[in-house]
Amino acid sequence: MDFLTLFGIYVAVVLTCIALVCKYSGHQQTPLGLLLDKFTGIFSPWIPQCLQSICYRTMHRLFHQRNNFFLYLHLLLEVVVYGEFSYEVFGFCLDMGTSSISLCIPYVLLAVKSYLFYLCCSRDPGTLTKANHTAELKVYQYDEKLFQQGVKCSTCQLVKPARSKHCRVCNRCVQRFDHHCVWVNNCIGVQNTRYFLLYLLSVCAMAGNIAVLTADMLLQAVLRTGLLHAHYIDEQGEQQPAGPLFIIQHLFLTFPKIVFMLGFLVFVFFLLAGYSMFHMYLALINQTSNEWFKGKGHNCQHCHPYSAHNCRTSYNPFRGFYHRGILKNLGEIFWPLCPVQKKRN
């Protein structure tokens with residue numbers, strides 16, 4: 001099996017896994033999720049019904065019920081990456097003169113990320129209970145568009161405070177509900193959004209740092225072996241200069257695990273960087289993922305699309321009802337609003 005075929009299989013497997021996560025984590029309208037739906041519709045008639053039933057139950061168990069599968073998968077991927085980095089890349093970098101401080105940064109980031117990961121998993125996201133329900137009703141105003149006053153949760157039998165939502169996975173109502181994250185096996189809500197944002201940034205920093213160190217090691221290996229000026233004999237017996245594809249294949253054959261690890265880290269970095277930027281954008285405008293997805297297609301309630309009447313106020317549909325300015329929005333993430341309690345005499 002040549003390099004291009006193996007690399008194509010690798011990319012196909014990664015994209016398939018991402019498509020499954022997009023489809024079954026509740027965001028079916030993503031491009032990869034829609035593409036998976038098309039493939040499923042085409043090939044489902046040839047798939048035995050019993051196999052389809054098993055796949056459905058498995059996906060339902062993984063994405064729509066609380067379980068620790070993705071926690072273990074997260075830790076497994078981390079152990080594999082850091083094991084490979086410590087076993088091979090660390091030694092090569094030391095031999096090539098990389099400073100010890102630079103090589104210790106990934107382990108510092110790992111400690112920071114692990115602590116934030118623990119907080120995301122263990123901290124209560126802001127569960128609504130009968131004890132705090134009355135107070136939480138006073139925290140946010142109803143916008144009467146996404147959140148109407150007096151609507152009761154059919155499961156918890158409590159009037160929903162503004163910005164809250166019932167999580168069907170955790171079976172609880174969460175104040176300022178963002179989404180349920182399968183990777184931390186917990187909801188992201190008012191009390192742990194700050195940890196989740198810092199966790200995403202720390203994972204990006206960790207993946208990017210290891211990727212840079214690994215890429216530098218491979219670059220130094222290419223420079224030291226003189227591959228940039230090397231030549232090879234092609235199938236016609238003619239001498240050809242070593243181009244980028246030849247160098248990549250050589251590195252793949254010489255350092256196969258390191259090259260695959262680097263490809264995985266680069267993919268994870270760009271994927272999480274985009275996801276982190278999206279959540280940072282939501283934090284800056286004081287919106288949640290739930291509100292962003294529900295708010296698609298909602299315009300200003302004072303403007304009519306079929307009339308000449310336009311709202312004269314400074315309404316901005318991209319900011320949302322709860323936008324209070326960038327600094328106050330960020331402050332609300334890191335210091336959640338609390339209901340004002342009257343002092344007892």
*Asks:* Check each of N290, N286, T288 against R176 using the side-chain hydrogen bond (donor to acceptor under 3.5 Å, both in side chains) test, and report the only one that passes.
*Replies:* N286
*Asks:* Can you give me the closest heavy-atom contact between A211 and L262, atom names plus distance?
*Replies:* O-CD1, 3.5 Å
*Asks:* Hey, what's the ring geometry for W183 with F70, parallel, tilted or perpendicular (30° and 60° as the breaks)?
*Replies:* perpendicular
*Asks:* Go through the steps to decide whether L71 and C121 satisfy the test side-chain contact (heavy atoms from CB on, under 4.5 Å), and finish with yes or no.
*Replies:* CA-CA 9 Å; L71 294 181; C121 297; 3.8 Å; yes
*Asks:* Find the distance between CG (L327) and CG (L284) and round it off to the nearest 0.5 Å.
*Replies:* 9.5 Å
*Asks:* If you group Ile, Leu, Val, Met, Phe, Trp and Tyr by side-chain heavy-atom gaps below 4.5 Å, do M261 and L75 land in one group?
*Replies:* no
*Asks:* Check whether N329 reaches the backbone of A283 with its side chain - one donor and one acceptor, N or O, closer than 3.5 Å.
*Replies:* no
*Asks:* Are V268 and I105 linked, directly or through other ILVMFWY residues, by side chains that come within less than 4.5 angstrom of each other?
*Replies:* yes
*Asks:* So, do D216 and C93 sit near enough that their side-chain heavy atoms are less than 4.5 Å apart?
*Replies:* no
*Asks:* Mind checking whether H179 and F293 have ring centres under 6.0 Å apart?
*Replies:* no
*Asks:* Check the angle between the aromatic planes of Y199 and F196 and answer parallel, tilted or perpendicular using the 30° and 60° thresholds.
*Replies:* tilted
*Asks:* What's the separation between atom SG in C187 and atom CD in Q175, rounded to the nearest 0.5 Å?
*Replies:* 13.0 Å
*Asks:* How far does CD of E84 sit from NZ of K257, to the nearest 0.5 angstrom?
*Replies:* 5.0 Å
*Asks:* In Å and rounded to the nearest 0.5 Å, what is the SG to CE distance from C204 to M277?
*Replies:* 10.0 Å
*Asks:* Under 3.5 Å, is there a donor-acceptor pair linking the side chains of Y195 and R123?
*Replies:* yes
*Asks:* Is there a side-chain contact between H279 and D178 in this structure, where contact means two heavy atoms from C-beta onward sitting under 4.5 Å apart?
*Replies:* yes
*Asks:* So do the side chains of F147 and K294 get within less than 4.5 Å of each other, counting heavy atoms only?
*Replies:* yes
*Asks:* Answer yes or no: does atom CZ of F278 have more than 12 heavy-atom neighbours from other residues, nucleotides or ligands under 6.0 Å?
*Replies:* yes
*Asks:* If only side-chain N and O atoms count, and only distance matters, is there a donor-acceptor pair under 3.5 Å linking Y107 with S86?
*Replies:* yes
*Asks:* Could you tell me the separation between the CZ atom of R168 and the OG1 atom of T155, rounded to the nearest 0.5 Å?
*Replies:* 11.5 Å
*Asks:* Which atoms form the tightest heavy-atom contact between L213 and F85, and what is the distance?
*Replies:* CD1-CZ, 3.8 Å
*Asks:* Measuring from L146:CG to Q287:CD, what's the distance to the nearest 0.5 Å?
*Replies:* 8.0 Å
*Asks:* So if you build clusters from Ile, Leu, Val, Met, Phe, Trp, Tyr with side-chain heavy-atom gaps below 4.5 Å, do Y82 and L94 land together?
*Replies:* yes
*Asks:* Crowded around Q141 CD? As in, over 12 foreign heavy atoms under 6.0 Å?
*Replies:* no
*Asks:* State plainly whether one hydrophobic cluster holds both V174 and V159, where clusters connect Ile, Leu, Val, Met, Phe, Trp and Tyr through side-chain heavy atoms under 4.5 angstrom apart.
*Replies:* no
*Asks:* If you draw a 6.0 Å radius around CE in M96, do more than 12 non-hydrogen atoms from other residues or ligands fall strictly inside?
*Replies:* yes
*Asks:* Determine whether a donor-acceptor pair (N or O, by modelled atom type, separation under 3.5 Å) exists between the side chain of N192 and the backbone of L119.
*Replies:* no
*Asks:* So R172 and D124, side-chain contact (heavy atoms from CB on, under 4.5 Å) or not? Walk me through it.
*Replies:* CA-CA 11 Å; R172 59 184 173 184; D124 179 78; 4.0 Å; yes
*Asks:* With a sphere of 6.0 Å drawn around CD1 of I101, does it hold more than 12 non-hydrogen atoms of other residues, nucleotides or ligands?
*Replies:* no
*Asks:* Please check if the distance between the ring centroids of F255 and F92 is under 6.0 Å.
*Replies:* yes
*Asks:* Can a donor-acceptor pair be found between the side chains of H180 and N186 at a distance below 3.5 Å?
*Replies:* no
*Asks:* Run the numbers on N67 and Y72 for side-chain contact (heavy atoms from CB on, under 4.5 Å), then give the verdict.
*Replies:* CA-CA 10 Å; N67 64 87; Y72 299 144; over 6 Å; no
*Asks:* Answer yes or no: is there a side-chain heavy-atom contact under 4.5 Å between R194 and P336?
*Replies:* yes
*Asks:* Do N68 and N185 pass the side-chain contact (heavy atoms from CB on, under 4.5 Å) test, and can you show the C-alpha distance, the side-chain angles, and the key distance before you say yes or no?
*Replies:* CA-CA 7 Å; N68 294 322; N185 194 24; 3.1 Å; yes
*Asks:* Hydrophobic cluster membership, with links at side-chain heavy-atom distances under 4.5 Å among I/L/V/M/F/W/Y: are L77 and L200 in one?
*Replies:* yes
*Asks:* Which pair of non-hydrogen atoms, one from L158 and one from L128, has the smallest distance, and what is that distance?
*Replies:* CD1-O, 4.5 Å
